Every structure is written in C-alpha cells, then in structure tokens.
Amino acid sequence: MMDSPGPPQSGRGAPRIDPTLPDDPRPEWVWYTSYGSNMHLDRLAAYVRGGRPADAAREYPGCRNPAMPMRSTPVELTGALYFATESVVWGGGRAFYDERVDGRVLARAHLMTAQQFSDIAAQEMYRDPGPDLDLRGALRDGRAVLGEGRYETLVCAGQMDGVPLLTFTAPWAMTDVAWVAPSPAYVRLLVSGLLAAGAWDRDTVAAYVAACPGAAEHWSVEDITALLREET
C-alpha cells in the first residue's frame with residue numbers, strides 16, 4: 001500500500017471510532033461521514049433542505065426528510081484523501097477517500113437517518129432522491145461497490161455510540177487515476193468545514209489539505225492560509 005502523509009496532531013482531538021462493524025444490517029440512524037465539501041453545514045444544508053449553495057453551479061432537490069443532522073462531530077478516519085476527476089459544480093478535482101491506504105483523514109460525521117444518507121448519495125451522483133440504498137454489504141464487509149459511479153462505493157469505518165459510520169467514494173484505488181488540483185472555492189469549503197468541526201487548528205487543517213494528493217504541488221500551506229484570511 002502507498003503511504004499517505006498524515007496530518008499533524010491537534011491538542012483538541014476527535015472522538016474515538018470503534019472499528020468493529022455493526023451487527024444491525026438495517027439501521028435507522030447512521031453517521032454520514034463527510035470528508036469533502038459536506039463537512040461545511042451550509043453546503044450540507046443544500047443536500048438536506050434543497051437549494052443552491054453559494055459559488056455552486058447546481059441546485060439540489062434535497063432529502064425526502066429535510067431535517068438537519070441531530071449532531072455533527074469531528075472524526076479521524078484511517079485512509080487517505082485525494083483529489084481527482086473534474087467537478088462540474090466547483091471546477092477542479094473532487095475529494096475522494098481510499099480507506100485501503102495507510103494514513104489519516106480528517107472528516108466530520110453527521111448523525112442522520114439512513115434514508116437521508118441514501119438521498120445525499122443520490123444527489124452526489126446528480127440523481128433525484130428515491131429508493132433507499134442497500135447498506136447490508138458495507139455494514140457486513142466494510143466496503144460495497146453498488147455501481148461504477150464516482151460516489152457509488154460505500155465504506156463503513158466502524159461505529160460510534162453504537163451507530164455505524166458510513167461514507168461513499170469511488171470504486172477505484174487512489175493510484176489508479178490522475179490526481180487533479182481542487183479549485184479555490186472547493187478548498188475554502190473543505191478547510192472552513194474542518195475548522196468549524198472544532199477539533200483542529202488552522203495550521204493543522206492547512207497542512208493536512210496541502211499534503212493530500214492532487215492538492216500537493218498545487219496548493220501550499222501559505223496559499224490555504226491566505227484563503228482563510230480572505231473570509232475574516
């Protein structure tokens with residue numbers, strides 16, 4: 001496996017994840033674990049309630065249940081974040097997660113219903129919310145490829161407070177695709193969402209994003225820090 005640079009450790013930290021896979025194959029509640037733009041609650045609201053986020057090129061229909069998450073908490077996943085393909089919404093590379101790579105990924109877990117998780121996954125694939133996803137394979141095996149689409153592979157990272165942590169990513173490995181630099185608007189959302197989670201400081205977040213494949217050699221820590229200064 002290819003090693004991914006891990007982020008510097010922050011003094012505040014994040015809750016521990018129980019890596020044990022859950023027993024319930026049909027949970028009512030899940031932790032939707034976002035490692036990309038949906039770490040930012042304003043961005044997530046467009047997927048949940050419907051609408052067009054600021055700076056985005058697309059309007060979203062929202063979930064069948066428009067309630068925002070009951071809780072959001074910072075988490076650290078085993079694996080690597082990288083940027084690839086070309087986003088029609090933001091321009092530049094999209095964020096993807098490869099749990100098979102050694103490293104650590106800073107993320108934000110949102111407590112919501114399994115139905116809402118299904119609806120967000122559908123919208124990530126530019127589809128309208130509809131049938132619920134079959135989560136059984138991911139909950140049993142830790143990973144399930146439901147289709148060839150870029151966000152149609154489910155990953156279960158374990159559980160927290162007895163509730164499974166689920167996310168979606170691409171079916172390919174990090175080293176199977178060309179890495180693409182993310183756009184300024186996309187980087188700004190990622191770092192803002194991570195900072196709002198409250199577990200990591202600015203230096204930690206900037207160093208983490210700057211080290212991710214696709215961002216590295218295109219985004220420096222100084223560049224990312226300057227983006228953050230533009231918001232204040």
Side-chain angles (χ1 to χ4, degrees), residues 3-45 47-48 63 65 67-82 95-118 120-121 124 135 138-144 151 153-169 189-209 211-212 228:
D3 289 343
S4 172
Q9 294 298 308
S10 166
R12 286 168 285 181
R16 288 187 177 274
I17 295 172
D18 177 359
T20 306
L21 294 176
D23 295 326
D24 186 358
R26 293 181 175 86
E28 180 182 0
W29 296 91
V30 302
W31 289 103
Y32 161 41
T33 307
S34 174
Y35 51 84
S37 59
N38 281 341
M39 294 186 292
H40 196 292
L41 290 181
D42 288 345
R43 165 70 171 169
L44 179 66
Y47 279 93
V48 176
C63 294
N65 176 357
M68 288 296 286
M70 291 185 63
R71 285 173 55 198
S72 293
T73 185
V75 293
E76 295 188 5
L77 304 176
T78 299
L81 176 77
Y82 65 98
F96 293 99
Y97 169 56
D98 193 337
E99 83 283 6
R100 299 160 295 189
V101 176
D102 293 331
R104 296 184 72 79
V105 173
L106 307 188
R108 198 172 186 184
H110 307 294
L111 184 60
M112 60 176 55
T113 68
Q115 182 193 77
Q116 288 178 306
F117 175 76
S118 295
I120 290 173
E124 284 282 14
L135 306 179
L139 296 174
R140 181 188 64 241
D141 303 325
R143 181 180 176 90
Y151 289 124
T153 294
L154 303 184
V155 176
C156 179
Q159 51 188 317
M160 190 164 55
D161 299 331
V163 178
L165 286 96
L166 284 167
T167 192
F168 36 74
T169 189
L189 266 182
L190 264 62
V191 296
S192 297
L194 285 169
L195 288 173
W200 311 286
D201 58 29
R202 286 193 175 202
D203 291 342
T204 299
V205 169
Y208 163 71
V209 175
C212 291
L228 293 172

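A quick note: this is a predicted structure, and the numbers were derived from the prediction, not measured. Numbers here are sequence positions counted from 1.
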[X] side chain vs [Y] backbone, donor-acceptor pair below 3.5 Å:
X: E76; Y: R104; result: no
X: T33; Y: W31; result: yes
X: Y208; Y: L106; result: yes

Any chance you could measure [X], atom [atom1], to [Y], atom [atom2], to the nearest 0.5 Å?
X: E99; Y: C156; atom1: CD; atom2: SG; result: 10.5 Å
X: Y35; Y: F168; atom1: OH; atom2: CZ; result: 7.0 Å
X: I17; Y: L77; atom1: CD1; atom2: CG; result: 5.0 Å
X: T204; Y: L194; atom1: OG1; atom2: CG; result: 10.5 Å
X: E124; Y: T169; atom1: CD; atom2: OG1; result: 10.5 Å
X: M160; Y: L165; atom1: CE; atom2: CG; result: 5.0 Å

For [X] versus [Y], what's the shortest heavy-atom pair and its separation?
X: Y97; Y: G79; answer: CE1-CA, 4.0 Å
X: C212; Y: L81; answer: CB-O, 3.5 Å
X: G158; Y: P22; answer: O-CD, 4.3 Å
X: A107; Y: M39; answer: CA-SD, 3.8 Å
X: D161; Y: R71; answer: OD2-NH1, 3.4 Å
X: T73; Y: P15; answer: OG1-CG, 3.4 Å

What verdict does the salt bridge (Lys or Arg N to Asp or Glu O under 4.0 Å) test give for D141 and R143, after you've listed the backbone C-alpha separation in whole Å, the side-chain angles of each residue and the deciding distance to 0.1 Å?
CA-CA 6 Å; D141 303 325; R143 181 180 176 90; over 6 Å; no

For residues F96 and Y151, establish whether the separation of their ring centroids is below 6.0 Å.
yes

Which residue, L166, D24, L21, forms the side-chain contact (heavy atoms from CB on, under 4.5 Å) with L139?
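Testing L139 for a side-chain contact (heavy atoms from CB on, under 4.5 Å) against L166, D24, L21 leaves exactly one candidate, L166.
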
Quick check: do [X] and [Y] have side-chain heavy atoms less than 4.5 Å from each other?
X: P27; Y: V163; result: no
X: N38; Y: Y32; result: yes
X: V48; Y: Q116; result: yes
X: M112; Y: N65; result: no
X: L228; Y: L195; result: yes

Please determine whether side-chain contact (heavy atoms from CB on, under 4.5 Å) holds for the pair L44 and R108, giving the CA-CA distance in whole Å, both sets of side-chain angles, and the decisive distance to 0.1 Å.
CA-CA 11 Å; L44 179 66; R108 198 172 186 184; over 6 Å; no

Verify the neighbour count for atom CG of D18: are there more than 12 heavy atoms of other residues, nucleotides or ligands below 6.0 Å?
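More than 12 heavy atoms, drawn from other residues, nucleotides or ligands, come within 6.0 Å of this atom.
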
